[in-house]
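Down below is the structure, laid out as structure tokens.
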Amino acid sequence: MLDELEVLNPATEEVVATVPGATAEDVDAAVVRATHAGRAWAAAAPADRARLLRRFAATVDEHIEELARLEVREAGHTIGNARWEAGNVRDLLDYAAGGVERLNGRQIPVPGGLDITLLEPLGVVGVIAPWNFPMPIAAWGTAPALAAGNAVILKPAETTPLTALRLAELALAAGLPEGLFQVLPGRGDVAGDALVRHPGVAKIVFTGSTRVGKRIMSLCADRVKRVTLELGGKSPNIVFADADVEAAALSAPMSFLDNSGQDCCARTRILVQSSVYDRFLELLGPAVRSVVVGDPADEKTQMGPLISKTQLERVRAYVPDDAPGIRGTAPTGPGFWFPPTVLTGLAADAPAAVEEVFGPVAVVVPFDDEADAVRLANATDYGLSGSIWTRDVGRALRVSGAVAAGNLSVNSHSSVRYWTPFGGYKQSGLGRELGPDALTAFTETKNVFISTESTEA
Ligand code: NAD
């Protein structure tokens with residue numbers, strides 16, 4: 001039976017499109033096409049591959065506004081964010097293109113000959129993307145995989161297939177060969193599962209929930225299939241008394257409200273040193289209440305709706321009506337709206353304090369000293385991101401060393417740049433994406449020794 005994916009506008013609940021979902025047979029056929037296209041691509045001159053990827057980047061650049069408007073409609077992202085996200089795809093392609101001719105092996109000194117390493121493409125790479133950042137996360141895997149000489153099959157999330165499908169059209173328009181970059185919208189347990197199990201797929205790059213990531217990892221183990229996992233987070237925002245407390249408080253709202261909190265790096269555990277706790281909350285209240293929540297297509301909007309009814313119900317379940325804290329406002333009526341929310345006075349092990357809510361909800365927790373802050377920051381199975389606010393350079397470095405997370409920022413909330421590495425500790429993930437080594441994650445290293453011993457008698 002053919003699955004139909006209904007794409008809803010999360011701000012209005014209107015149907016934007018209906019897209020046929022791929023079946024396991026569709027995945028089989030896509031892998032055949034990808035294998036064929038990938039072989040020719042891997043054999044092409046590096047400069048030609050780089051040129052085509054730059055052309056793809058330029059074509060995306062010409063369609064930024066169209067892609068952004070589509071993302072506003074299918075995902076409810078604010079127009080400002082959506083433009084950035086489309087631009088990020090262009091930048092990822094340009095950056096990866098710059099790596100094609102620089103994907104060098106090594107020459108290692110050994111006695112009796114010459115030892116060289118070759119970085120060979122893997123073949124067909126499956127990229128399984130979530131709905132929270134459909135375009136950037138699709139491109140995190142796709143751009144370096146293509147640049148390293150692989151073919152890519154991308155399975156977008158059920159709720160957000162439209163920008164991915166448009167990117168596949170733009171790739172063809174830019175001149176990428178048929179079959180090299182294919183997008184197969186479909187259900188996770190159908191198309192996603194078929195991609196993970198397929199013997200012709202050499203690597204899976206998965207971004208999504210820790211639950212599904214664990215399942216994918218165990219299925220990949222069966223064939224020792226390569227896998228990169230970017231999973232959930234419950235990131236701390238640690239504010240020491242010696243910090244610029246005003247800057248920390250005023251920047252805190254958008255560190256967990258951006259993308260309506262549907263961000264794996266959202267700083268949803270705000271840990272504040274006891275001596276500045278009250279002052280911090282006094283500043284945080286008005287800052288949270290002033291966040292503009294509404295129509296994502298309006299240039300002034302800072303926060304849009306949640307992605308779906310399911311997500312809205314999930315978020316609601318974490319926030320009891322009488323929970324003490326700070327509440328912003330959100331539209332009523334159609335759409336999946338939830339107001340900015342900060343919970344105070346929760347037990348340290350309350351579900352909202354330890355689980356990934358994936359909505360506009362943070363908790364504020366006081367701490368006594370540096371050791372207490374590190375203990376609280378690490379009291380989670382996740383380890384993706386975090387922020388540290390202090391004016392003491394030594395403390396910034398000590399705490400950066402002690403917090404078990406892959407992406408930390410001091411006196412800021414930045415996490416993701418396409419040219420710096422990104423990934424999680426503990427159950428937040430496996431492997432790294434982005435940054436200068438992104439292409440090598442899509443290669444096998446082959447070591448070749450050539451003897452220089454004379455064979456003459
Ligand atoms: P999800 O795990 O439900 O789905 C992610 C993708 O996996 C979707 O394309 C889905 O169709 C597919 N999928 C689902 N079941 C599958 C299966 N059995 N086999 C193969 N594929 C399957 O996650 P979600 O709800 O779409 O995304 C939200 C999650 O993603 C959050 O937990 C968030 O933290 C995480 N995330 C992590 C990062 C990161 O870089 N670490 C970035 C963004 C989002």
Side-chain angles (χ1 to χ4, degrees), residues 3 5 7 19 21-22 24 27 74-75 77 85 88 126-141 153-161 163-164 183-198 201 204-220 225 227-235 256 258-268 306-308 310-315 355-359 380-386 405-407 415-418 421-435 438:
D3 279 319
L5 308 176
V7 181
V19 174
V27 172
E74 79 168 339
H77 289 195
E85 289 160 29
N88 190 240
V127 176
I128 301 179
W131 45 259
N132 63 330
F133 291 107
M135 282 193 281
I137 291 176
W140 289 9
I153 300 174
L154 164 66
K155 196 211 79 66
E158 289 85 337
T159 42
T160 55
T163 44
V183 173
L184 291 189
R187 280 179 31 195
D189 58 356
V190 180
D193 185 71
L195 204 51
V196 171
R197 291 176 192 266
H198 202 294
V201 175
I204 293 290
V205 181
F206 171 79
T207 305
S209 61
T210 298
R211 183 184 60 81
V212 174
K214 286 178 181 178
R215 180 183 161 77
I216 287 177
M217 190 174 171
S218 69
L219 287 170
C220 286
K225 188 173 285 193
V227 65
T228 298
L229 302 173
E230 297 289 1
L231 309 174
K234 187 74 182 173
S235 297
F256 73 93
D258 194 49
N259 206 28
S260 311
Q262 302 165 125
D263 181 341
C264 51
C265 293
R267 272 47 167 192
T268 51
L306 292 166
I307 186 75
S308 62
T310 312
Q311 194 61 17
L312 178 59
E313 281 165 3
R314 193 179 124 83
V315 174
E355 293 172 19
E356 183 180 49
V357 177
F358 229 51
T380 166
D381 288 334
Y382 293 117
L384 192 56
S385 300
N407 315 277
S415 293
V416 187
R417 286 170 225 87
Y418 60 82
F422 179 82
Y425 277 42
K426 301 194 281 186
Q427 294 190 28
S428 282
L430 184 74
R432 291 293 178 271
E433 295 190 272
L434 310 178

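Both ligands and their constituent atoms are indexed starting at 1 by order of listing. Sequence positions, counted from 1, serve as the residue numbers for this chain.
- Below 4.0 Å from some heavy atom of N132 lie the following atoms of ligand 1, by number and element: 43 (C), 44 (C).
- Annotation: atom 42 (C) of ligand 1 to nearest protein heavy atom, C264 SG, 2.8 Å.
- Residue-to-ligand polar distances place A129 within reach of ligand 1: an N/O pair is separated by less than 3.5 Å.
- Contact annotation: for L384 versus ligand 1, heavy atoms closer than 4.0 Å belong to the side chain alone.
- Distance alone, capped at 3.5 Å, places no donor-acceptor pair between the D193 side chain and the G188 backbone.
- Atoms of ligand 1 found under 4.0 Å from any heavy atom of D193, numbered from 1 in the order shown, are 19 (N), 20 (C).
- The residue among R215, E356, E433 with a heavy atom at the shortest distance from atom 34 (O) of ligand 1 is E356.
- Considering only non-hydrogen protein atoms, atom 12 (C) of ligand 1 sits nearest to I128 CG2, 3.6 Å.
- Using a non-hydrogen distance threshold of 4.0 Å, P156 registers as a contact of ligand 1.
- The shortest contact between atom 27 (O) of ligand 1 and any protein heavy atom is with P130 CB, 3.4 Å.
- At the shortest separation from atom 25 (O) of ligand 1 among protein heavy atoms lies W131 NE1, 3.1 Å.
- At a heavy-atom distance under 4.0 Å, no atom of T210 approaches ligand 1.
- Among the atoms of S209, some N or O lies under 3.5 angstrom from an N or O of ligand 1.
- Of the N or O atoms in D189, none lie within a sub-3.5 Å distance of an N or O in ligand 1.
- Looking only at heavy atoms of the protein, atom 11 (O) of ligand 1 is closest to E158 OE1, 2.8 Å.
- Considering only non-hydrogen protein atoms, atom 35 (C) of ligand 1 sits nearest to G208 O, 3.1 Å.
- Atom 4 (O) of ligand 1 is never approached by the protein to below 4.0 angstrom, counting heavy atoms only.
- Here I216 has side-chain heavy atoms under 4.0 Å from ligand 1, and that is the only part of it that gets that close.
- Ligand 1 is never approached by F133 to a heavy-atom distance shorter than 4.0 Å.
- Looking at T207 against ligand 1, both its backbone and its side chain come within 4.0 Å, counting heavy atoms.
- The shortest side-chain heavy-atom distance between T210 and K214 falls under the 4.5 Å cut-off.
- Of all protein heavy atoms, the one closest to atom 17 (C) of ligand 1 is G188 O, 3.4 Å.
- The nearest protein atom to atom 7 (O) of ligand 1, hydrogens excluded, is given as F206 CE1, 3.1 Å; this is a heavy-atom distance.
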